[in-house]
Amino acid sequence: MKKSLLFLTAALCLILLVNCSQGEKRVKLRYKYVPGLNLEYEQKMTRAIKILAKDSIIKDYDRLLTVRVVQTVKSVSDDGIAVIYEEDHWSYEAPSKEDSLKLDTITETHSFTVSVSPNGKLHDVDFGEDACVTSASYNRTYWEQGMPEFPDGEVAPGHSWTQTNKVILPDETLEASTTFRVKSLVREAGYDCAVIEFDGDMVIPLVPDPDDSTQRAGLDRIKTTGMIYFAYREGIVVLQRERWLVAGTRQKLEEGEMIEYQITVESDSEYILKKMQRK
């Protein structure tokens, strides 16, 4: 009887130890870029946009955007910094210039080059000589504030970290922060993934473009929440879902007068890996 009880106790302890060790599985979060790696994503976004001036709604409309994103790793330095060329092929509907009651399908292609470390730290971004200064600055600030820089070492579900950025304006300094948390380890689309939740408050200035005669400027405060499925063995994002709540202030020159207005945006997006090729 005593032997049976001892055996049962040992067996239970073994089961508990196995379960605990599985629950404490740890992984390292790093991008694993190699020259010639080609990634293709599909991104779909819905946006509900309102523009207000003097407490009146000037515009109120919804927009669906589809983007085919193609990334190619051009080179990787000895310290792991990857140079990535990206082409974004946009498609969306907008009121026709000839008849505002009709919708035209608009297609655009934008490209840029970024340099990033394996932990996700952004080093440089080049939008080309003809890029809009406002858009280039906005996108760079978003990456710096909203994209994760992975922690050192291995992490387990429950691990979290917060990234904080100072936003220096002409008359004040603001703070933006995003908190990331490893929620779980799952299997997604055939990949072993770390599910990373995030919740943040971004502050993004709109820098005036010298070529813009309206001198448009402003500030966006963005509440962002979402989830990233990161394939930790391959070192790539497999899926990302994100929601933005934007409260923005704007000003622009109109008929010689600086006009102030507000913009609110509710945006949901899904970013899905469609293809991965290695050369």
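Between F112 and F127, the ring planes are tilted. Angles from 30° to 60° get that label. Note on ring orientation: taking the six-membered ring where Trp is involved, the planes of F180 and W161 are parallel (angle under 30°, cut-offs 30° and 60°). Between F230 and Y31, the ring planes lie perpendicular to each other; the angle is over 60°, past the 30° to 60° tilted range.
Residues R63 and E93 are not paired through a salt bridge, judged by the lack of any N-O separation under 4.0 Å between the basic side chain and the carboxylate. Here R68 does not pair with E42 in a salt bridge; the nearest charged N to carboxylate O distance is not below 4.0 Å.
Using modelled atom types and a 3.5 Å distance limit, the side chains of H89 and T107 yield no donor-acceptor pair. With no hydrogens or angles considered, a side-chain donor-acceptor pair links T72 and N38 at under 3.5 Å.
The minimum heavy-atom distance between Q163 and E144, with the atom names listed, is NE2-O, 4.5 Å.
V207 forms part of a hydrophobic cluster together with V133, judged by ILVMFWY side-chain heavy-atom separations under 4.5 Å.
Separation of the W244 and Y142 ring centroids falls under the 6.0 Å cut-off.
For the atom pair E149 CD and L29 CG, the distance stands at 13.0 Å (nearest 0.5 Å).
Remark: D268 engages R243 in a salt bridge (Lys or Arg N to Asp or Glu O under 4.0 Å) (not counting sequence neighbours).
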